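This report refers to the structure that appears directly beneath it.
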Amino acid sequence: CEGGNVKTQMVIAAMETQLSNGPSCNNTTNGPTTISNNCSSPVESGSIEDSKTNLIVNYLPQNMTQEELKSLFGSVGEIESCKLVRDKITGTQFLGRFKLITLGTIKWANIKELGLKLFVLFAGQSLGYGFVNYVDPKDAEKAINTLNGLRLQTKTIKVSYARPSSASIRDANLYVSGLPKTMTQKELEQLFSQYGRIITSRILVDQMTGVSRGVGFIRFDRRIEAEEAIKGLNGQKPPGATEPITVKFANNPSQKTSQALLSQLYQSPNRRYPGPLAQQAQRFRLDNLLNMAYGVKSRFSPMTIDGVTSLAGINIPGHAGTGWCIFVYNLAPDADESILWQMFGPFGAVTNVKVIRDFNTNKCKGFGFVTMTNYDEAAMAIASLNGYRLGDRVLQVSFKTNKTHKA
DNA sequence: TGAGATT
C-alpha cells in the first residue's frame, strides 16, 4: 500500500460449496434455500494488568502497516504486543448452493474521475487505529508523552491508554440527520454533551459548496451514553430549529452492505434471460469475486480500485446517450454477434452488439462492442467477463474509451 | 451515513 494509492486487497470471497443436501451442479436454483449467519461473537481481550501498559493509537495513516506501527512505538521501549486493526471477516451466508463469505466492508465505490461505480469489498485494509502493549508501564506512559499528537503524513495520531475491551464501550457512534444547515460542530457537541463524553463529532458538508448537509456523527465514550442521547434527542427540535432531528446508531457498514451484496448477487438474471449462459452469468460473478478474494490466478481479472485507477489516462467510459458502450477485445476470427448477446444478455438489458470485421475476409478483427442500458448491469458484466476464457482466448472487457473510438 | 475509539 504505497504512494497513496487506494489499495483494495479483496473484493469478496464467494465460495461454492457442496452442501450435503444441495442441488446438483447443473440444477439451476433461483435463490437461496437457506440463509444462515455464522458470525462468531468477538473475543474480548484486555485485562486489568494491561491497563497501564496497553495503548490505543488512533488516527493512523491509512497506509501505515503493523510493522511500521511496531517500529515507531518500539523506539520508546520494549513492546509485548502490537496490533493494527484491519477489516476482517464479517460473516458467512449461504446463497443457494453457494457459500458466501464476506470478508470486509462492502461499498459502492465511486471512481469519480472515471465515472465508474463499483461494488467493492474493502478487506484487510487498515481501519486507522491499533493497539500497542508495552512490557513496562513506564514505556507506555513515555509513549503517550512523546508520540501523542505526532504528525504522520496528513494525520495527527492520538495515543492514549486502552480500556479493557467490553461491550459497554462498543457501538457508541451515532448518526444524526435533519440538523439545521447553520448548526456548527461546536453547537452539535453542545447539544449532545449533556448525555456523556463525546469522543468525536463531525458534520458532513457538500464537497462543492462546503455547506452543511444537515447530517453528522457523534461518537460517545460509552454505549449507554449514546442510548440516552437517542432517547433524549431523537425527534426533538434543537434550540431555534424548525425541524426535528433524527438520532440513531450509525450503521455498521459491513453488516448493512452485506445485505446489499446478497441482493445484488442474487438479482438473478435467470428469470429474464433463460438459457445456459444465464446460469454461467451468476457463476461468473461468484467466480470472479472468489478470484479477487483469494488472489487466485485464473481466467478472471480482478476488477479492483487499483485495476481501475491503473487505467488512468483513459477518458470517461463511453456513455453514448443510448446506453453504456462496452469494448470487448480478443474475440476469435469466427466470432459473431450471437456470442456477444449470449455473454452479455444475462447481465441485463443489451440494446446492441457489433463484431468488427475485416472488409475483405469478413472475419472478426478481434474485437467488438456491446451497448447496455443500465450502468450497474454493464459494470457487473465487465467485472465478471473481463478475463473470461472464450475458447482458447482470454477476453478483455472494459467500458469503451475514446482511444478505441475510431475503430 | 464519514472515517476509522476497543483487538
Side-chain angles (χ1 to χ4, degrees), chain A residues 1 6-7 40-48 50-51 53-64 66 69-70 73 79-90 104-110 122-134 144 148 152-179 185 188 196-207 210 212-226 230 234 245-260:
Chain A
C1 232
V6 181
K7 274 274 187 189
S40 56
S41 54
V43 177
E44 294 186 356
S45 58
S47 59
I48 300 298
D50 284 342
S51 67
T53 57
N54 196 24
L55 304 179
I56 184 166
V57 187
N58 289 296
Y59 309 110
L60 292 168
Q62 183 58 232
N63 60 2
M64 190 172 195
Q66 182 165 294
L69 181 66
K70 186 173 185 181
F73 282 80
I79 290 173
E80 194 272 327
S81 63
C82 170
K83 179 165 188 180
L84 179 70
V85 180
R86 295 178 178 278
D87 216 320
K88 60 174 184 191
I89 295 176
T90 56
T105 307
I106 302 158
K107 292 179 182 174
W108 275 108
N110 285 295
F122 297 83
Q125 71 167 10
S126 167
L127 294 185
Y129 67 94
F131 297 89
V132 176
N133 197 9
Y134 282 98
I144 291 175
N148 183 40
L152 290 175
Q153 299 171 41
T154 61
K155 306 281 189 174
T156 302
I157 69 169
K158 181 178 176 185
V159 185
S160 52
Y161 287 112
R163 291 173 294 175
S165 181
S166 81
S168 67
I169 58 173
R170 283 208 300 261
D171 301 323
N173 198 23
L174 294 180
Y175 170 80
V176 189
S177 60
L179 294 167
Q185 186 178 351
L188 180 68
R197 180 174 161 233
I198 294 170
I199 304 289
T200 55
S201 67
R202 181 189 312 278
I203 289 181
L204 304 185
V205 297
D206 183 285
Q207 283 194 325
S212 165
R213 290 162 59 187
V215 168
F217 293 88
I218 293 281
R219 182 182 296 280
F220 277 105
D221 192 37
R222 305 169 74 84
R223 168 88 182 184
I224 190 141
E225 296 167 340
I230 291 175
N234 184 37
I245 61 172
T246 299
V247 183
K248 52 191 181 183
F249 284 108
N251 277 346
N252 182 336
S254 39
Q255 286 172 6
K256 184 81 178 195
T257 48
S258 294
Q259 289 308 114

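The model shown is predicted, which means the values in this text are computed figures rather than measured ones. Lettering follows sequence order; numbering is per chain, from 1.
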* Asked: Who are the side-chain hydrogen bond (donor to acceptor under 3.5 Å, both in side chains) partners of A/Ser160, not counting sequence neighbours?
  ->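 Checked A/Ser160 against side-chain hydrogen bond (donor to acceptor under 3.5 Å, both in side chains); zero matches.
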* Who passes side-chain hydrogen bond (donor to acceptor under 3.5 Å, both in side chains) against A/Arg202, sequence neighbours left out? ->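 By the side-chain hydrogen bond (donor to acceptor under 3.5 Å, both in side chains) rule, A/Arg202 matches no residue at all.
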* Asked: Which atom pair, heavy atoms only, marks the closest approach of A/Leu84 to A/Ser126?
  ->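 So the two residues come closest at CD1-OG, 3.8 Å.
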Nearest of [options] to any side-chain atom of [X]?
| X | options | value |
| --- | --- | --- |
| A/Arg163 | B/dG4, B/dT1, B/dT6 | B/dT6 |
| A/Tyr59 | B/dG4, B/dT6, B/dG2 | B/dG4 |
| A/Gln62 | B/dT6, B/dT1, B/dG4 | B/dG4 |
| A/Phe131 | B/dG4, B/dT6, B/dT1 | B/dT6 |

* Asked: So what does A/Asn173 touch, heavy atoms closer than 4.0 Å: a base, only the sugar-phosphate, or nothing?
  ->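 Since a base atom lies under 4.0 Å of A/Asn173, the category is base.
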* Asked: When the nearest nucleotide of DNA chain B is assigned to A/Leu60 and to A/Phe217 on a heavy-atom basis, which residue is associated with the more 5' position?
  ->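 Per heavy-atom nearest nucleotide, the more 5' residue is A/Phe217.
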Whole-Å gap separating [atom2] ([N]) and [atom1] ([X]):
| X | N | atom1 | atom2 | value |
| --- | --- | --- | --- | --- |
| A/Asp87 | B/dT6 | CG | C1' | 15 Å |
| A/Ile56 | B/dG4 | CD1 | P | 13 Å |
| A/Asn58 | B/dT6 | CG | C1' | 9 Å |
| A/Phe73 | B/dT7 | CZ | P | 18 Å |
| A/Gln66 | B/dT7 | CD | C1' | 10 Å |
| A/Leu204 | B/dG4 | CG | P | 12 Å |
| A/Leu69 | B/dT7 | CG | C1' | 12 Å |
| A/Arg197 | B/dT6 | CZ | C1' | 13 Å |

* From A/Gln153 atom CD to A/Met64 atom CE, the distance as rounded to the nearest 0.5 Å ->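 Rounded to the nearest 0.5 Å, the CD-CE separation comes out at 8.5 Å.
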* Ignoring backbone atoms, test whether A/Arg222 places a side-chain nitrogen or oxygen under 4.0 Å from the OP1 or OP2 oxygen of B/dT6. =>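 No, no such contact exists.
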* Within the structure, does a side-chain N or O atom of A/Lys155 lie under 4.0 Å from either OP1 or OP2 of B/dG4? ->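 Yes, within the criterion.
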* To do: Compute the centroid of each ring, for A/Phe217 and then for A/Tyr175, and state whether the two points are separated by less than 6.0 Å.
  =>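 A/Phe217 vs A/Tyr175: aromatic centres under 6.0 Å.
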